[in-house]
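A quick write-up on the structure given underneath.
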Amino acid sequence: MQENVVNWQALGEQAVILQWPQYHADVTSQIMQLVQSLQQSPFAGFVESVPAFQSLSIHFDLSEMGTVIDPHPFVADYVKQLMKSVPSHYISKSRKIEIPVFYDDSPDLAELCRLSGLSRERWIELHTSAEYTVVCVGFAPGFPYLAGLPEALQMPRRAEPRLHVQAGSVAIGGAYCGIYPQQSPGGWHIVGRTQVCLFDAAQQPPALLQTGDKVHFRAVRERVE
Amino acid sequence: MAVEIVQFGAPASLQNFGQTGLRAYGVTVGGVMDKDSAAIPNLLVGNEVEAAVIEFTQPGLTVRFLQDAWVAVGGAQMSVTLDGSEISMWRAVFVERGCVLRCALNGDGVWAYLAVAGGFCFANDGAITSDRGVVSGMRLSIATDGHHSTGTSLNPKRMTQMRAQPPQRNRQRIQRDGGTTVHLIRVLPGEHVSLWPTALFADWFKQPFRVSHQRNRIGYRLEGKPLPLNTNLPSQPVVAGTVQLPPSGLPIVLQADCQTIGGYPVIAHVIEADLGAMAQVGAGQLVCFQEVTMEMARAAWMRQRMDWQQLKVGLACCR
């Protein structure tokens, strides 16, 4: 793994943030590999790491850092050493998850078809034939940002966000696809609904989808699977 | 074995020092908004600093005790009565079963804390993913297993002498001509300040900002002269204390319940020792940011923990 292209900065007193210069598919797998390496061989004081689009934050506990005087460069060096030991052509073993979607329950699909010049059938066909990668989970507990939306379907976010988006809404925003795990405000176009539970606090881990997972959508005719 | 919530000022919640380990799934850390103001009442009743407390705000909180308990309140300025008679903040008070404790915020500060000996229990093992909201009629249990207690048995004669000063060290403020108060909040530089010419940004950032009414446990909006900029950055991890600059050009200071990732430029981070001071600045009041080095921030963090330790040891000697 090329550790020299990655920059680091302090994220407050108790975290380091690593930044990749640009996003591409390899970045997500590099980030996930680092997340796993850190879990397997954490430094003393390591708390957790948080993947995002082209960055990874590494959180530590100042009171557990022992004799380390300057923790930020120490953590950055530690991570860069970990990166060196990872082969650059590492292929991660991604989980594959299928999400059934009821496309008939969509307030925005007709408008999206009109704007993109695609028939409804073609739009759904493109949406269901693509493979998506979870690049990060955030915005709300369990909300996955999915890369891999076909270019023909990409659309800027709504000018006016909705105050209430139903739980289970499958949506697109810009180049990404997402699924709202809970009812929340949201600015993305809703293309359908799923019955799949994306976040359950009682489960370990609580989120169904994790960074690095591969996702497919499957069209269903009935609301309940 | 419990207390019953009679009345509260929204939003009241049960908080400890937050929960890490789930940020990668989009779950916020949470925890009290002002650690000093929760730590001191906890120490006064013999708990560890991070034991679960009830955090509340305007107009206040009314609680009926269904059991005997030692309690202490701290945080925002308030009048506290026990069955109608006034009691002091920042000291341990014995509450008999059936008594009603009434706290009414009436001055400086935003967030207030009620600690009980033993600490409150979370319904779901303290998991932040469970509902922490406090509502009228709700009954909250007090821990009896001593999990959060420092292990000292409570001697009633000595307990009544347990008192402490409100937090002072990390609460810097200056009086300006005309009597306005400006809260000084120490910050570390943010990574996106290089998006602006250095002098332009520094000049803008030194203005006093006014805390907006748009504020909650997620973030505080600030008002002042805007510094607009149109950028499109990929979302990246953020933490409580991160100061973001949305397209409006007016900063948002992220707080305890902030999202795990954010896409606005990061212009500063409030140092951890000053997060409580920032949270306690009321709407309409002024803050000035003061840049410090990482060494200074770490020293302040260390000092804050030493103060808690010193109070803990001091109180233990009196017991």
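The chains referred to below are lettered A, B, ... by the order of the sequence lines, with proteins before strands, and numbering in each begins at 1.
Among B/Gly21, B/Gly190, B/Gly263, the residue with the largest count of heavy-atom pairs under 4.5 Å with chain A is B/Gly21. Taking A/Ala15, A/Ala207, A/Pro141 one by one and counting their heavy-atom pairs under 4.5 Å with chain B, the maximum is reached by A/Pro141.
With a 4.5 Å cut-off on non-hydrogen atoms, A/Pro71 touches chain B through its backbone and its side chain both. For A/Ala140, the part lying under 4.5 angstrom from a heavy atom of chain B is the backbone only. Looking at B/Leu188, only its side chain comes within 4.5 Å of chain A, counting heavy atoms on both sides. The part of A/Tyr145 that comes within reach of chain B is its side chain, from C-beta onward, which places non-hydrogen atoms under 4.5 angstrom from that chain. Of the atoms belonging to A/Ile17, it is side-chain heavy atoms, and not backbone ones, that fall under 4.5 Å from chain B.
Residue A/Ile69 qualifies as open at atom CD1: its count of foreign heavy atoms under 6.0 Å is 12 or below. Atom CZ of A/Arg157 has 12 or fewer neighbouring heavy atoms from other residues, nucleotides or ligands inside a 6.0 Å radius. Residue A/Glu151 places its CD atom among 12 or fewer non-hydrogen atoms of other residues, nucleotides or ligands, all under 6.0 Å distant.
Smallest separation of non-hydrogen atoms from A/Leu11 and B/Val238: CD1-CA, 4.3 Å. Between A/Pro206 and B/Tyr25, the closest heavy-atom pair is CD-CD1, 4.0 Å. A/Glu13 and B/Ala273 make their closest contact through OE2-N, 4.4 Å (heavy atoms, listed as atom of the first residue, atom of the second, distance). Residues B/Ile261 and A/Phe139 share a closest heavy-atom pair of CG1-N, 4.0 Å.
At a threshold of 4.5 Å between non-hydrogen side-chain atoms, the residues A/Ser55 and B/Pro237 count as touching. Using a 4.5 Å cut-off on side-chain heavy atoms (C-beta onward), B/Arg305 and A/Leu62 make no contact.
Side-chain atoms of B/Glu191 and A/Gln19 form a donor-acceptor pair, as typed in the model, at a separation below 3.5 Å.
Heavy-atom proximity under 4.5 angstrom to chain B picks out A/Val47, A/Glu48, A/Ser49, A/Val50, A/Pro51, A/Ala52 from residues 43-52 of chain A. Contact annotation for residues 292-304 of chain B against chain A (heavy-atom separation below 4.5 Å, listed by residue number): B/Met294, B/Ala297, B/Arg298, B/Trp301.
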